[in-house]
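Lettering follows sequence order; numbering is per chain, from 1. Model, not experiment: these values are computed from the prediction.
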Number of protein chains: 2
Amino acid sequence: MNVVHQRGETVAKQRITIEDVARAAGVSRQTVTRAMNDMAEIRSETRQRVLEAAEALGYRPSRFASNLASRQRSHAIGLVIASFRNPYYTELAAEVLDVATARGWQVVVCSREQGTDLELISTLAGQVDAIFGYFVTPDQTALAAAARGVPVVMFERTAAVPGLHSVDLDFEQGIEALLTELRNRGASRFGLIESDAATDPNPYQPTQRRRAYEKLAGAHSLDSIVVAEESMRGGAEGFQRLWNASPGLDAVLVFNDLMAMGAVHGAHTLGVSIPADVRIVGIDGLSLGSVTTPSLSTLSIDRLAVAKTAADIVDTLLEAHDAGPHEPIVRTVTPQPLWRESA
Amino acid sequence: MNVVHQRGETVAKQRITIEDVARAAGVSRQTVTRAMNDMAEIRSETRQRVLEAAEALGYRPSRFASNLASRQRSHAIGLVIASFRNPYYTELAAEVLDVATARGWQVVVCSREQGTDLELISTLAGQVDAIFGYFVTPDQTALAAAARGVPVVMFERTAAVPGLHSVDLDFEQGIEALLTELRNRGASRFGLIESDAATDPNPYQPTQRRRAYEKLAGAHSLDSIVVAEESMRGGAEGFQRLWNASPGLDAVLVFNDLMAMGAVHGAHTLGVSIPADVRIVGIDGLSLGSVTTPSLSTLSIDRLAVAKTAADIVDTLLEAHDAGPHEPIVRTVTPQPLWRESA
DNA sequence: TTGAAAGCGCTAACAG
DNA sequence: CTGTTAGCGCTTTCAA
């Protein structure tokens with residue numbers, strides 16, 4: 001048994017393969033596979049010997065080779081959230097993980113802080129079978145191209161080109177419900193604290209939330225809009241700016257709960273009383289909103305519904321073995337007001 | 001050119017391979033590779049034709065095959081956090097993602113809510129090159145076995161068997177600093193709200209945090225310990241139980257910031273004034289702690305340091321091409337008090 | 001119970 | 001610029 005191998009003793013740091021283990025244990029590759037994968041047709045002595053050889057050599061099977069060779073491929077999806085520092089996104093990630101796990105899918109999570117939309121999609125496309133995410137690049141054709149055939153489900157946006165799909169949110173309906181109730185409660189002069197970051201690194205553009213507000217809050221409310229950094233600090237700072245600029249405000253809608261928590265804090269600092277002097281409403285429905293003083297009223301987004309809807313789209317896509325990119329599948333989830341103390 | 005292929009026309013729903021695209025475009029496989037991967041040596045007409053054929057067929061390269069064939073393998077790590085619903089863990093995940101991205105690694109994130117330690121490690125071991133995570137299974141030998149040679153870096157725990165490594169936290173030092181300053185501020189009768197969930201699904205066992213408290217807080221403080229659910233609600237409920245059971249308390253340490261925010265809220269509900277009646281201190285150092293009223297003092301954990309340390313361990317491991325599991329590498333990070341208003 | 005052969009689908013190295 | 005030839009490391013037939 002004096003086989004000359006191409007990778008002779010001159011080559012250093014070669015990967016340890018199943019072949020090395022087989023040779024060390026004095027068995028065939030197939031027997032090593034049987035031992036490593038706890039298969040039936042093997043004598044336990046042999047298994048033992050193989051396992052020891054494998055451990056001694058520090059053998060680790062190549063996940064690529066085994067997935068390639070085995071009929072039963074594992075599925076994986078990529079998830080791109082906007083940030084890990086906003087609980088809304090991580091709670092959505094939690095829901096996506098739950099629905100994915102139930103289907104036996106792996107999830108690769110990243111955030112937009114780690115690269116441009118196109119970079120992230122392009123990298124993920126080589127690693128996963130479908131991509132979910134918050135993508136803000138206006139050019140949908142470019143997004144689809146970067147995905148190289150891997151289906152993409154976008155959140156809070158409407159897909160318009162083949163290969164892209166979406167789970168959008170109906171803010172018009174949600175914000176209308178919110179404003180109606182605020183009016184019932186006596187509010188009439190509205191303000192908005194808008195996020196500056198949603199389209200970063202592109203120039204600022206009005207968000208869906210702002211556009212819905214502008215359409216529904218009444219003409220006099222268009223002057224009471226401030227754009228602030230998308231963070232708690234930004235919310236606090238934005239509130240102070242808004243409060244000073246717009247006397248007579250009695251209700252403020254804030255881009256998201258994180259900023260709204262900051263706004264509540266900012267109002268506190270200013271000695272403004274909530275909800276007596278001004279009502280504050282966030283958007284997202286974070287459970288954390290219940291610990292501010294007063295607790296935060298909000299337009300709650302059903303994260304589980306969003307995750308499930310996205311997963312259903314992918315189910316449909318994976319079953320449909322058609323040729324070519326699939327026409328967009330577009331679904332919508334409607335946020336619902338959640339009344340606590342701040343409004 | 002009348003090659004008979006095994007997978008003939010009878011087989012349905014076969015995967016579309018590079019070969020199919022090559023045939024459709026009337027070129028070789030290699031040319032398809034060149035077109036798909038934007039390589040240089042190809043005429044743009046040809047590239048165009050291939051790309052069209054690929055799109056028409058709905059071709060998607062197999063990530064397993066391409067990773068197997070290409071010299072430049074991609075690295076991936078798995079990260080198991082305890083929960084996506086506690087910002088501490090997601091902020092740690094954010095840091096891990098940052099350091100991983102900087103090294104060109106992919107990250108597969110999951111949470112302990114999705115399976116047992118052994119299941120998660122076993123699944124991840126087939127998908128990634130190293131595993132980071134919060135694992136509570138007492139039997140380290142079993143953990144190492146489940147990892148099948150993939151190095152594991154455990155958080156908040158000390159590795160003791162080959163193949164496992166750890167980034168531990170020095171709570172004794174941190175809590176000592178905390179108690180010393182609390183005493184300086186006039187506190188003398190301490191209480192603790194401990195988490196019940198840290199060792200789930202195993203029977204409850206005292207956490208590192210509790211053991212450090214018990215060692216340092218003084219004999220009379222041993223009676224003032226309540227075990228509560230690891231959530232904001234649990235923190236509120238725990239505080240009320242503790243407050244009723246232990247008159248005369250003047251400082252309460254809470255297992256983590258999430259529970260501490262609940263405790264602050266619970267105290268509020270009870271009409272207990274903070275910090276006048278009782279000082280409350282959390283552990284974690286969440287920025288969210290700044291929006292409670294009063295804002296939360298805490299023992300802050302440097303999440304970036306934890307993430308970096310874990311990544312460094314893996315760097316070391318990947319370079320050291322030794323045979324067999326590596327002896328444990330153990331590192332420690334020391335939490336630091338962060339004083340805000342609640343204490 | 002074990003081994004030998006034949007791929008999985010792709011890319012690298014070379015020819016042409 | 002394009003095609004041919006070898007593998008990557010593993011699992012699956014199928015024989016022995």
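- In the set C/dT2, C/dC10, D/dG9, the nucleotide with an atom closest to the side chain of A/Ala65 is D/dG9.
- Nucleic acid contact for A/Thr31: sugar-phosphate only, since backbone atoms but no base atoms lie under 4.0 Å from a heavy atom of the residue.
- Between the side chain of A/Arg63 and the base of D/dG9, no donor-acceptor pair of N or O atoms lies under 3.5 Å.
- Counting to the nearest Å, the P atom of D/dT11 and the CZ atom of B/Phe64 are 13 Å from each other.
- The salt bridge (charged side-chain N to carboxylate O under 4.0 Å, His left out) search around A/Arg60 returns none, not counting sequence neighbours.
- Consecutive Watson-Crick or G-U pairs involving DNA chain C, each under 3.5 Å on both distances, make up stems of three or more pairs at C:1-11 with D:6-16, C:13-16 with D:1-4.
- The B/Pro61 side chain lies nearest to C/dC10 when the options are C/dC8, C/dC10, D/dG3.
- For A/Phe155, the ring-ring contact (aromatic ring centres under 6.0 Å, His included) test picks out A/Tyr134, with sequence neighbours left out.
- Between A/Met39 and B/Gly26, the residue whose closest nucleotide on DNA chain D is further toward the 5' end is B/Gly26.
- Remark: P of D/dC1 and CD of B/Glu45 are 11 Å apart, rounded to the nearest angstrom.
- Proximity of B/Thr17 to the phosphate of C/dC8: no side-chain N or O atom is located under 4.0 Å from OP1 or OP2.
- Rounded to an integer number of Å, the gap from CZ of A/Arg29 to P of D/dT13 is 16 Å.
- For the side-chain contact (heavy atoms from CB on, under 4.5 Å) test, residues two or more places apart in sequence or in another chain that qualify with B/Ala100 are B/Ile77, B/Trp105, B/Val107.
- The side chain of A/Asn37 places an N or O atom within less than 4.0 Å of a non-bridging phosphate oxygen (OP1 or OP2) of D/dT11.
- Residue contacts for B/Val27: at a heavy-atom cut-off of 4.0 Å it reaches the sugar-phosphate backbone alone, with no base atom in range.
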Without placing hydrogens or testing angles, list every side-chain donor-acceptor pair under 3.5 Å for residues 31-39 of chain B, not counting sequence neighbours.
{"residue": "B/Thr31", "atom": "OG1", "partner": "B/Ser28", "partner atom": "OG", "Å": "3.2"}
{"residue": "B/Thr33", "atom": "OG1", "partner": "B/Arg29", "partner atom": "O", "Å": "3.4"}
{"residue": "B/Asp38", "atom": "OD1", "partner": "B/Arg47", "partner atom": "NH1", "Å": "3.4"}

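- For B/Glu41, whose side chain is taken as the heavy atoms from C-beta onward, the closest listed nucleotide among D/dG9, D/dC1, C/dC10 is D/dC1.
- Of the candidates C/dG7, C/dT2, C/dG3, C/dG3 carries the atom nearest the A/Ser28 side chain, counting heavy atoms from C-beta on.
- Ionic pairing of A/Glu95 and A/Arg303 is not present here: no N-O contact between side-chain nitrogen and carboxylate oxygen is shorter than 4.0 angstrom.
- Side-chain atoms of A/Arg43 stay outside donor-acceptor range of the base of C/dT2, with no qualifying N/O pair under 3.5 Å.
- Partners of B/Phe84 by ring-ring contact (aromatic ring centres under 6.0 Å, His included), not counting sequence neighbours: none found.
- Closest contact between the side chain of B/Leu68 and the listed nucleotides C/dT2, C/dG9, D/dG3 involves C/dG9.
- Rounded to an integer number of Å, the gap from CD of B/Gln30 to C1' of D/dT2 is 9 Å.
- Salt bridge A/Arg157/A/Asp117: absent, no basic N to carboxylate O contact under 4.0 Å.
- Atom OH of B/Tyr59 and atom P of C/dG9 are 10 Å apart (whole Å).
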